[in-house]
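For reference, the structure is listed below as structure tokens.
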Amino acid sequence: MKEKKISFQAFICISILLIFVIILENISMIFPSLPQIFAPTSPLFTVLKKAAVYSLVAVSMNLLNGFTGLFSLGQAGFMLLGAYTYAILTVPSAMKEQVYYLFGGCAFEFSLLDMFEGIFGSAGFGGAVSMILACLIAIILAGCVAGLFAYFIGIPVLRLKSDYLAIATLGFAEILRAIFQWQKLGKVTNGANMIKGFPTFSSFNITDASGNTVLRLSTFVPFLISALCILIIVLLIHSSYGRAFKAIRDDEVAAEAMGVSLFKHKMLSFVISSFFAGVGGALFAMYVANAQAKAFTSVMTYEILLIVVIGGIGSVSGSVIATFLYVACSEWWLRFLDSEQYVGAIKIPLLRNGFRMVVFSVVIMVIVLFFSQGIMGNREISIGALFKKRTPRAERKQ
Amino acid sequence: MSEEVLKIADLQVSYGGIEAVRGISFDVKAGEIVTLIGANGAGKSSTLRTISGLVKPASGKVIFDGEDITGKDPTAIVSKGLMMVPEGRRIFPNLTVLENLKIGAYLRKDDLESDIERVYGYFPRLRERSWQEGGTLSGGEQQMLAVGRALMGRPKLLMMDEPSLGLAPIVVQDIFEIIRQIHAAGTTVLLIEQNANMALHVADRAYVIENGKIAMEGTGSELLSDEKVRAAYLGTTAN
């Protein structure tokens, strides 16, 4: 009963959040006199979109690192697989010639978008249906491809422990990036060049016949998909499988003695985490409007690892909060450090291009040294406590 | 009553050339408490770990409930009803008491309510602490949790590896009282102990292991009065 009530409250909270995002994106159209920050081009929306994408990847990494205790650094590799799968499947056939011009067209003529436009038509409501279906299926397939690769890599790699596993997965991600940049595969991956021309987040904005935007949904879409995926991960963590993951994290030998099959559950966690990393990769491609192997370096994995650590290893809500803070700092709040600033006539010393990263590094070092538990430790924000109907703290004290 | 639940035949275990267990044979009959006693490094724990599938034997046979389970993986062995309370308790420190108990019944798909109640019946202290994380419990409570967790699997045979390890004498007495109760409720127990005095008092039959071999066997009271056992394991000289 209690569980049901809490999940109902969670559902309400997520719905309110999503509605709030829609209102926030569209408010500048209703009240044009609002400050610049509500304009669609403001950094606020860049941050929100990127953070929505990153939070999914961070939570998927937390599932593996924080809940199953597998220290894997292959997240960028699986994102790359997802991004390319999504891109290759949704670039319209008509665009392929132009995108793959260096290689004389794409070896892979099929496009999900064309297929659905053939069924539902490409204009008006039919066009919207076909785009949504094409994107949705491509995103799911992106996850599946990443998950499938994870399965095959997992067979040898999951027998390794801790640091060795991290090195092996990191190496795998780097190999993948090299393969995708290989010119010989240019007809599929477009070599080192980017693939573009596929539907992005702004394709979801609803426009009228003359091309004016009626309703902006470009921030709502990543929020919706990320929220759904994170919800699925949370449900998994609270299921008996999640309990087995945590048991493996706490004590492998004891878990095995209780009949929890180590390999099977590690594989399950690895594949599911990679699936959502793949979905995150597809969303990332939509966010930057291109897919390019160059973007998915190990630096990206470290960025996500950092978010997980700052948020608290083993806390989903911590990861989400940390993602928004991290992305806001790196893309927006600390931007001013990169340009020369004047107070009156005095130039503030040190501020110049690149100084942001110095400050950022110091902040991160302080967090890791003095707040090693991260923002949330391994606790979660309790929605029940937010509603003040339930006090889990008091209940715990016997 | 005399049906054999577990039969070990000439079991040998070695870790990379070091022979830990050198041909042990014994059996456990339904409804008994059998104990293996011996000094550190005698091969008790290795025997137990081999029975539960965590270690593969070099040779020999493990027959459980009429079925050969030698070298099978732990999941298969647990699903047949052979649960272990591991040495040093090894509860899951970041899981709540209740979650720890549920992991014990991981391979069962039926309703757990009655078993949780049964375990709380044995250990009322665990009910009070059911929302507390395992790592915050005291040593004695952790041992209770480890026993309760194993009971959740509804074992046909419960194996315990040194339940008295690192516990105060008064707590050890509580734990052994519980072992008696569990046994009285119909669970067969294989107990491994260094605390020979407690173990021999509670056991129906006992085996003494020395250097990877069985040195002596007999009923609990027989061994308690045996001079060699008294000298070596009970710390009392015959008088």
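Naming: A, B, ... by sequence-line order, numbering from 1 per chain.
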Original post:
So which part of Tyr241(A) gets closer than 4.5 Å to some heavy atom of chain B, the side chain, the backbone, both or neither?
Top reply: both
Original post:
Would you call Phe92(B) and Arg243(A) a side-chain contact if the rule is heavy atoms closer than 4.5 Å?
Top reply: no
Subject >> Other residues, nucleotides, ligands: >12 heavy atoms within 6.0 Å of Ile155(A) CD1 >> reply: yes
Subject >> Separation between CZ of Arg108(B) and OG of Ser240(A), rounded to the nearest 0.5 Å >> reply: 13.0 Å
**OP:** Could you check if a side-chain atom of Met83(B) sits within less than 4.5 angstrom of a side-chain atom of Met258(A), using non-hydrogen atoms only?
**Re:** yes
**OP:** Quick one: pull up CD1 in Ile103(B) and CG in Asp251(A) and give me the separation to the nearest 0.5 Å.
**Re:** 11.5 Å
Original post:
Which pair of non-hydrogen atoms, one from Val78(B) and one from Ala257(A), has the smallest distance, and what is that distance?
Top reply: CG2-O, 3.3 Å
Original post:
Near Tyr151(A) OH, under 6.0 Å, is it more than 12 heavy atoms from other residues, nucleotides or ligands?
Top reply: no
Original post:
Quick check: are there more than 12 heavy atoms from other residues, nucleotides or ligands sitting under 6.0 Å from OH of Tyr15(B)?
Top reply: yes
Subject >> Portion of Leu54(B) that has a non-hydrogen atom of chain A nearer than 4.5 angstrom >> reply: side chain
Original post:
Any idea which of Glu99(B), Arg49(B), Arg127(B), Met84(B) has the most non-hydrogen atom pairs under 4.5 angstrom with chain A?
Top reply: Glu99(B)
Original post:
Can you tell me if CZ on Phe26(B) sees more than 12 non-hydrogen neighbours from other groups inside 6.0 Å?
Top reply: yes
Subject >> Pairwise distance CZ(Phe263(A)) to OG1(Thr75(B)) - rounded to 0.5 angstrom >> reply: 12.5 Å
Original post:
Using a cut-off of under 4.5 Å for heavy-atom pairs, which of Leu95(B), Asn100(B), Leu107(B) has the most such pairs with chain A?
Top reply: Leu95(B)
Original post:
Within a reach of under 6.0 Å around NZ of Lys264(A), are more than 12 heavy atoms found that belong to other residues, nucleotides or ligands?
Top reply: no
Original post:
Is it true that atom CZ of Arg125(B) has more than 12 heavy atoms of other residues, nucleotides or ligands lying nearer than 6.0 Å?
Top reply: no
Original post:
Does Gln373(A) CD have over 12 foreign heavy atoms under 6.0 Å away?
Top reply: no
